[in-house]
Amino acid sequence: MSDLKKIRDEFISKLKGKLTLAELNQIKSDLFGKNGLVSSQFKKIGTIDASERKKFASDLNIIKDELHDLIILKINEIEKANINEKLEKEKIDVTLPERSFVRGKIHPVSQTIDEISSIFSEIGFSVEEGPDVENEYNNFTALNTPDNHPARDMHDTFYLDEKKKRLLRTHTSPVQIRTMLKDKPPFKIIAPGRTYRSDSDQTHSPMFHQVEGLHIDKNINMGHLKGCLNYFIKEFFEVKKIKMRFRPSHFPFTEPSAEVDIGYEIKDGKIIIGEGDQWLEILGCGMVHPNVLKNVKVDPAKFQGYAFGIGIDRLAMLKYGINDLRAFFDCDYRWLNHFGFDPLDVPTNYRGLSR
Ligand code: PHE
């Protein structure tokens with residue numbers, strides 16, 4: 001019997017037995033691997049006498065195809081059998097109750113930041129960000145608040161080292177410094193973000209949110225500041241008219257400085273923004289102090305402008321009737337489910353900008 005026929009017969013009988021997938025793969029490599037039986041027969045072709053070479057090559061090809069087809073057939077058979085076995089063993093219990101479907105909600109603070117950003121972007125402000133961990137220079141010194149200035153104590157600062165060089169920013173005003181240091185005027189930015197002070201009660205939380213505003217250009221005056229804030233408050237509270245008053249105040253980084261109150265009244269247990277005889281403080285603002293501009297290499301003789309800092313959490317509480325600030329950060333799922341926003345609901349003053 002020729003070598004070829006021997007190989008064929010031997011493997012055909014092997015393939016008839018019951019084989020596992022691993023055994024079949026082994027046979028496949030015994031035959032067709034680099035030094036497999038069939039492969040080595042091919043290498044022999046050149047050494048065979050010319051008269052028999054053609055027939056040998058043709059027989060070899062036929063046997064190669066036959067064995068190869070058989071192996072593939074067997075592999076398919078085994079895979080099919082494995083699937084059938086699995087299908088028989090696995091049962092789906094169609095009586096099991098389905099898992100409840102929980103859809104996340106947008107936190108009122110995130111919602112409010114989105115609304116604020118879109119309102120300011122309408123009048124040309126872009127959004128800047130700064131880190132929560134700041135150095136004392138950006139948070140105080142560059143903002144015209146030198147060492148030993150009483151404002152440093154008033155801020156109840158969380159310091160991160162003994163030398164009081166690193167701290168958790170006490171306001172978003174250091175983003176003014178970062179922005180002006182990295183670019184050239186004019187500047188027209190808002191900077192929303194987290195801020196920290198060691199303080200906690202129903203209306204104060206050690207972590208809270210502010211949005212900073214900064215507009216520096218040639219000939220910017222307090223009238224622009226008033227117009228900008230008036231527009232913002234009306235848009236934010238979705239009212240046509242707003243009662244607003246500027247109370248003289250003091251911040252080291254603005255001169256003159258003011259705190260802004262808006263009018264409100266309580267009607268049928270509900271707060272109505274924009275009318276009435278009561279006043280509510282919502283932000284601090286002023287014309288940027290020349291010393292601040294000098295610190296960031298902006299010439300105060302050529303450029304000036306205004307800045308403001310608004311408490312975001314307070315705005316959210318007012319707009320959405322939430323009366324305890326601490327609940328914002330309790331991570332109580334029931335609270336969030338009640339006060340949170342459906343991601344697919346588009347608020348009335350939403351203009352497509354998102355954080
Ligand atoms: N940074 C001030 C604060 O946190 C607010 C403010 C910002 C005031 C910008 C004036 C100008 O109280």
Side-chain angles (χ1 to χ4, degrees), residues 109 113 116 120 125 127-132 134-146 149-158 167-180 187-199 203-217 220-230 232-233 244-262 280-293 295-296 298 300 303-315 325:
V109 171
I113 290 176
I116 294 173
F120 278 110
F125 284 81
V127 179
E128 285 288 335
E129 277 184 342
D132 293 10
E134 256 303 355
N135 56 51
E136 70 68 51
Y137 180 78
N138 287 344
N139 196 85
F140 290 125
T141 311
L143 287 160
N144 199 32
T145 317
H149 192 290
R152 292 204 181 198
D153 295 332
M154 268 156 51
H155 276 207
D156 300 313
T157 312
F158 287 114
L167 45 83
L168 292 175
R169 66 177 178 187
T170 56
H171 50 179
T172 41
S173 301
V175 187
Q176 288 186 30
I177 303 300
R178 286 178 175 271
T179 307
M180 293 195 282
F187 302 103
K188 201 173 182 187
I189 59 119
I190 56 161
R194 276 189 280 270
T195 44
Y196 304 82
R197 288 180 203 177
S198 179
D199 205 355
T203 52
H204 294 92
S205 136
M207 189 282 294
F208 57 106
H209 297 82
Q210 281 191 343
V211 58
E212 191 78 7
L214 175 74
H215 186 185
I216 303 286
D217 207 335
I220 296 292
N221 60 47
M222 243 180 139
H224 295 112
L225 167 64
K226 233 176 149 174
C228 168
L229 291 175
N230 194 276
F232 167 69
I233 303 289
M244 208 168 138
R245 76 176 179 196
F246 280 62
R247 247 185 315 106
S249 183
H250 172 79
F251 299 102
F253 33 91
T254 46
E255 182 58 38
S257 305
E259 269 163 323
V260 173
D261 302 332
I262 53 173
L280 198 81
E281 181 198 323
I282 57 157
L283 64 93
C285 62
M287 299 307 289
V288 177
H289 197 292
N291 287 351
V292 175
L293 296 175
N295 288 339
V296 293
V298 171
F303 290 95
Q304 57 282 129
Y306 59 82
F308 54 83
I310 312 176
I312 294 177
D313 314 275
R314 178 170 274 199
L315 284 190
L325 174 66

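Numbering of ligands and ligand atoms starts at 1, following listing order.
Of the possible polar contacts, none joining the R194 side chain to the R169 backbone as a donor-acceptor pair under 3.5 Å is found. With S257 contributing its side chain and F251 its backbone, the two residues share a donor-acceptor pair below 3.5 Å.
The closest approach between a heavy atom of R197 and any atom of ligand 1 is below 4.0 Å. Within the 4.0 Å heavy-atom cutoff, F253 counts among the residues contacting ligand 1.
The distance from ligand 1 to the heavy atoms of A307 drops below 4.0 Å at these ligand atoms: 9 (C), 11 (C). In the vicinity of F308, heavy-atom distances shorter than 4.0 Å reach the ligand 1 atoms 7 (C), 9 (C), 11 (C). Distances below 4.0 Å separate heavy atoms of G284 from the following atoms of ligand 1: 6 (C), 8 (C), 10 (C).
Counting heavy atoms closer than 4.0 Å to ligand 1, residue S173 contributes side-chain atoms (C-beta onward) but none from N, CA, C or O.
The distance from the CZ atom of F140 to the NE2 atom of H171 is 6.0 Å, given to the nearest 0.5 Å.
Of the charged side-chain nitrogens involved, none lies within less than 4.0 Å of a carboxylate oxygen, so that K188 and D217 do not count as a salt-bridged pair.
For P290, the side-chain contact (heavy atoms from CB on, under 4.5 Å) criterion is met by P300, not counting sequence neighbours.
Taking any N or O of T170, backbone or side chain, none lies under 3.5 Å from an N or O belonging to ligand 1. Taking distance alone, with nitrogen or oxygen atoms compared against 3.5 Å, Q210 approaches ligand 1 more closely than that limit.
Across E212, E129, E134, E128, a single residue satisfies salt bridge (charged side-chain N to carboxylate O under 4.0 Å, His left out) together with R178, and that is E134.
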